[in-house]
Structure formats: structure tokens, C-alpha cells
Amino acid sequence: MQPDHRPLSTSPQCGPRSNHTVRLALVMLAVYCIGVAPSLGQTLVESHAHRQTQTAYTAVLYAEGPIDLLRPPLPILGPPGSIPQEFPIFQALGGLLIRTGLPADLAVRLTGLACFLVAAWLVFLLARRLMAPWASLIALGAFVLNPLAWVYGRASLIEYLAVAGGIGFLYFAIRWMDDGRPTDWAVAGVLGLVGILVKITTGGFLLLPALAWRSPSGRWGFQRAPVWGLVIVAIVAGLAWSAHAQAVREETPASVFLSMQNQIAWFFGTPFQRLDLGSWKVPLVALLALTGSAIVVWAPLAVARARVHRQPAFLLALLGLVVAMPLALFNLYAIHDYYWIAVAPMVALGIGLGSEWLRSHLDRRWVRRTTVGLAGAWVATIIGMAPTWTIIYGTPGEEPAVRQVASFIREHSEPDDWVVFRGWGWNPTFLYYADRRGLAVPGSDPVLETGEFGTQDISEIDIERITSNRVFGPFITCDHDGNCTVEDRP
């Protein structure tokens, strides 16, 4: 492919063809909504119930009381009942939906779906500025039609809101650098704040490629003080929120293991974990899901197209995040597949770029065969990974045990009790469905919290001392079969 010598301006073309592309993009999002609609009434236990119910619990309490964004309620580790991590924009939106009378699980799923659709649309808009209209549709399809998106695009998770903030920041920052409209700069600033406050491990990285954008005037993003202003303000806000959240968490003795020091160590992991082949299982499966089992093909194609693009530095920086983010925060990406949502936009854009490279070389037989093979591999991946994404339909296998345990907790406690719950770690799922506050004892899960790779440091928690306070009780222990007992205490 010859270098692209067109002007640096990348504003999408207007006209009938552009409108046709937009309509097709809307159809694609509609197909997604129709596909996942039957799953919206599902309980929040099909995948990562711990994280989904942690988010939903705060939304429920926001619906029942005031929305305090600085001290989001989450009474699962004892009083005073606030252990903030992300800035609770998602939870506040979910709480407002619950106030309309919607069931809590449905409301937070709809909130997650809305965030996913906004993120998908922003990925499409960014793709339109970077590639041909047909390639932007391929990028959107790659972002929407993969197993991870099918499961988590309608989940009670904050991930896609953070992605929307980060990708929206890049899109509007680029528009400002190209066109100079002050409103674009202001919108970029707001979305940059959303991305980094909702999830600093996502939004923080997505700020950086803007510095590598080259405007039609020839100036780079890093040469512009207003761009640095956007980046610095967002980073300062993210760090300020992290410091505030840490100070609030310190008010809850049982949350000591969530200290910034412990979390940073847990985020990054150790060099030995990166060398352990067993630690790469989740990353490998996630990359196969996001690329149609063809990461080894799409990666060089995307890089080849980026190198001859009119914005090579920006695109290579963007594609580099697919490598940099998981390697930097390896422990997170090696344990939780939903963390790969953060790099899904860059993977999708890379597939769009790779498609452009393929189309420009279709006169070669091997390229035509490769194109057909990639399409077939995508379909085969969807079919082969069906057990991972069809879990959104029907009753989750974990639901009966969850309901059994939650029912036991509810029957053996009063609404004002601080239930001490052992056997499942600090999983909030059971307190959420029991509609009870309490202390879900960290480290009490004999199945999941064995001190092996990826578990957090809970050695500093003196549970016996904490629970000696008479505010706590009853004391309930449940095993993974749903069998529960109440401990007799004087």
C-alpha cells in the first residue's frame, strides 16, 4: 500500500453515502439490542456477580435515599457503609431509573446497555474520521458482535461508561484540533473527566493518544497547551478522586485490604506472573473473542495500514494500548475478562484498519483467501464460544443457590441488622438479594480465596476484633451448596 498523502484533515464526508453508512450503523446497534433484549430480565449472577451486584447495590440505595456522589453507599464491609472505588456516575444513573419503578436488576442492565450503545457509537464516529465509511462499519461490527460485548454490553458494569468517556475524549479532542471549535474542546474535557473518574485504569490510558494527533496545520497534540490542559486536568481529577476514595474507605476497618498500596500491588502483579504461561489463559481467550481468533493476522495488518496512514503516530499509539494496558495492569487483565472491554475499541479500530489494507491488496490471491478465512474464523469463533455468551439466556446456574442463601439471610435477620456473613468472601451478591447490610467477611471463601495468584492481601484484617462490636449480628455462615447456619453468640 502506498502512503496516504491526502490532507491531514479527517472530517467525515457528508452526503448520501455518509447517511447510508450511519443508517447501517444504527441497524447494527438495533440488531444487538434485539439480540440481547430477552436477557435484560436476568438476575445479575450469570458472570462476575460480585462486581455486578456491587454496582447495583449502590444504585438501589441511591434510589431509596439521597444521591451522594462523594460517599456512595455500599454497606457490605460493616459501618459506616461507604467503600468508594470508582466515581459513581453509573450508579446514580441506575438509581434514577429505579426511581421510575423499574426492578433494580432491569434498571442497572438498561443503564449498562445505554452506556454500551453510547460507547459503540463513539467508536463508530472515531472510525469514520480515521478510515473509509465501509471500514468504519467493520470496526463497529467488531466492537459489537463479539462474545465479550454480547455478555457485558448489558451487564451491571461500569466498563463501557469509562470506555465511552475515553473514546469520546479522543473524538472531540481531535475535532477541536482539526476544526478549532471551542465546544468540541469543552466536550472533550467533560468526557475525559468521565472516563478517568469512572475508571482510572481505563480513562487514564485513553487520554494519551491525543498527544500524537497531527492537525491540518501540522501541529501535534503535544505542541498544544489546551490539549495538555485537558490531559492534566483529567489526571489531576482522577488522582484527587482516588485520594478521596481512599480516605473514605479508611473509615471502614474491614476495608483495610482495599488500601491504595494493596490495590496498586494487586493491579500490577509481579514479573513472575507475566512469565507464567498459566496466567495467560484469560488474556488469550479474551483476545480470541475480540478478534475472531485471528489476533496474529489482524495485528500486523492493522500496523501495516497505520504506518502509511495520514495519522501514523496517533494510530500506532492507539494500537499500542492493546499491548501496553494489559502488560502494565497484568493482574487485572489476567483474572477478569471484563477488563478487556477497555482495549476492545482499539482492537475494533485495528480490525477496521486491517480491512482497509486487505481491500487495497485484493488483486493478490492470498489476500482474497485470507479475507474469506478471516470472515469464516469470526463466524467459527462465535459458534465455538457459544457456551461463553449464551449464558445470558435463561436462568443462570448460580441463581438457585444465590436465592437460597439470600432467603436464609433475610429470614434470620432484621432490616436494621449488620449481618456478619461468612463463606463467600466479600461478595455482596447475597446481601444485595437479601436486602440487608452487613459485613461479608473477606478471606472466608474456601474455594475462591486460597491465597493463590491474584488474591488480595487480607492479612491485616482483624475480623474478630471488628465484629466484637455489638452492632454486628446475626453471624451467618453458608457454604457453596447453599447450606447455612446461624452462629450462637452471647
Side-chain angles (χ1 to χ4, degrees), residues 20-49 51-52 55-56 90 94 97 102-103 105-125 127 134 136-161 163-164 167 285-294 337-338 340-341 343-345 347-349 351-352 355 374-399:
H20 182 62
T21 303
V22 170
R23 285 194 292 270
L24 288 176
L26 291 172
V27 168
M28 200 176 298
L29 295 182
V31 168
Y32 178 89
C33 291
I34 293 169
V36 301
S39 73
L40 295 177
Q42 194 179 50
T43 53
L44 306 177
V45 299
E46 81 286 359
S47 181
H48 294 286
R51 194 62 182 88
Q52 289 203 70
T55 303
F90 182 102
L97 268 186
L102 288 176
D105 288 2
L106 175 60
V108 292
R109 284 204 185 280
L110 288 174
T111 305
L113 177 59
C115 293
F116 172 78
L117 294 175
V118 172
W121 192 251
L122 288 166
V123 168
F124 170 66
L125 292 179
W134 63 267
S136 68
L137 288 174
I138 289 179
L140 177 62
F143 184 76
V144 170
L145 303 176
N146 66 75
L148 282 184
W150 212 255
V151 174
Y152 296 126
R154 25 67 72 198
S156 174
L157 294 173
I158 63 173
E159 316 305 315
Y160 283 108
L161 179 55
V163 164
I167 295 298
V285 172
L287 284 171
L288 293 177
L290 290 173
T291 63
S293 301
D337 61 348
Y338 64 82
W340 288 87
I341 292 169
V343 301
V347 173
L349 292 169
I351 290 173
S355 299
L374 288 170
W378 197 279
V379 174
T381 300
I382 297 296
I383 296 172
M385 290 190 171
T388 69
W389 59 266
T390 55
I391 59 173
I392 73 173
Y393 302 111
T395 302
E398 298 82 357
E399 183 174 327

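Sequence positions, counted from 1, serve as the residue numbers for this chain. Note that this is a predicted model, so its numbers are computed, not measured.
For the atom pair OG of S355 and CG of L374, the computed distance is 8.0 Å after rounding to the nearest 0.5 Å. To the nearest 0.5 Å, atoms OG1 (T388) and CG (D337) are separated by 8.5 Å. To the nearest 0.5 Å, the span separating CD on E398 from CG on L44 amounts to 12.5 Å. In this structure, I351 CD1 and L140 CG are separated by 12.0 Å, a value rounded to the nearest 0.5 Å. Note that CD1 of I382 and OG1 of T390 are 11.5 Å apart. Values are rounded to the nearest 0.5 Å. In this structure, OH in Y393 is found 5.0 Å from CH2 in W150, a value given to the nearest 0.5 Å.
At least one side-chain heavy atom of C33 sits under 4.5 Å from a side-chain heavy atom of L117. In this structure, V108 and T55 have side chains that are not in contact, with every pair of non-hydrogen atoms separated by 4.5 Å or more. Between W389 and V36 there is no side-chain heavy-atom pair separated by less than 4.5 Å. Residues Y32 and L113 meet the side-chain proximity criterion, which asks for heavy atoms closer than 4.5 Å.
At least one donor-acceptor pair closer than 3.5 Å links the side chain of W378 to the backbone N or O of L145. A donor-acceptor pair under 3.5 Å is absent between the side-chain atoms of R51 and the main chain of S156, judged by distance alone.
Closest non-hydrogen pair, R109 versus R154, comes out as NH1-O, 2.9 Å. A pairwise comparison of heavy atoms in L349 and V123 identifies CD2-O, 4.1 Å as the closest pair. Of all the heavy atoms in F90 and C115, the pair that sits closest is CD1-SG, 3.9 Å. Shortest non-hydrogen contact noted between G94 and A107 is O-CB, 4.1 Å. The two residues I392 and S39 have their closest heavy-atom pair at O-CB, 2.9 Å. Between L137 and T21, the shortest heavy-atom contact is CD2-O, 3.6 Å.
Between the side chains of E399 and Q42, no donor-acceptor pair is found at a separation under 3.5 Å. Counted by atom type alone, S293 and T381 present one or more donor-acceptor pairs between their side chains at under 3.5 Å.
In this structure, the ring of F116 has its center less than 6.0 angstrom from the ring center of F143.
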TODO: Show your working on side-chain hydrogen bond (donor to acceptor under 3.5 Å, both in side chains) between S47 and Y152 and close with a plain yes or no.
DONE: CA-CA 9 Å; S47 181; Y152 296 126; 2.9 Å; yes

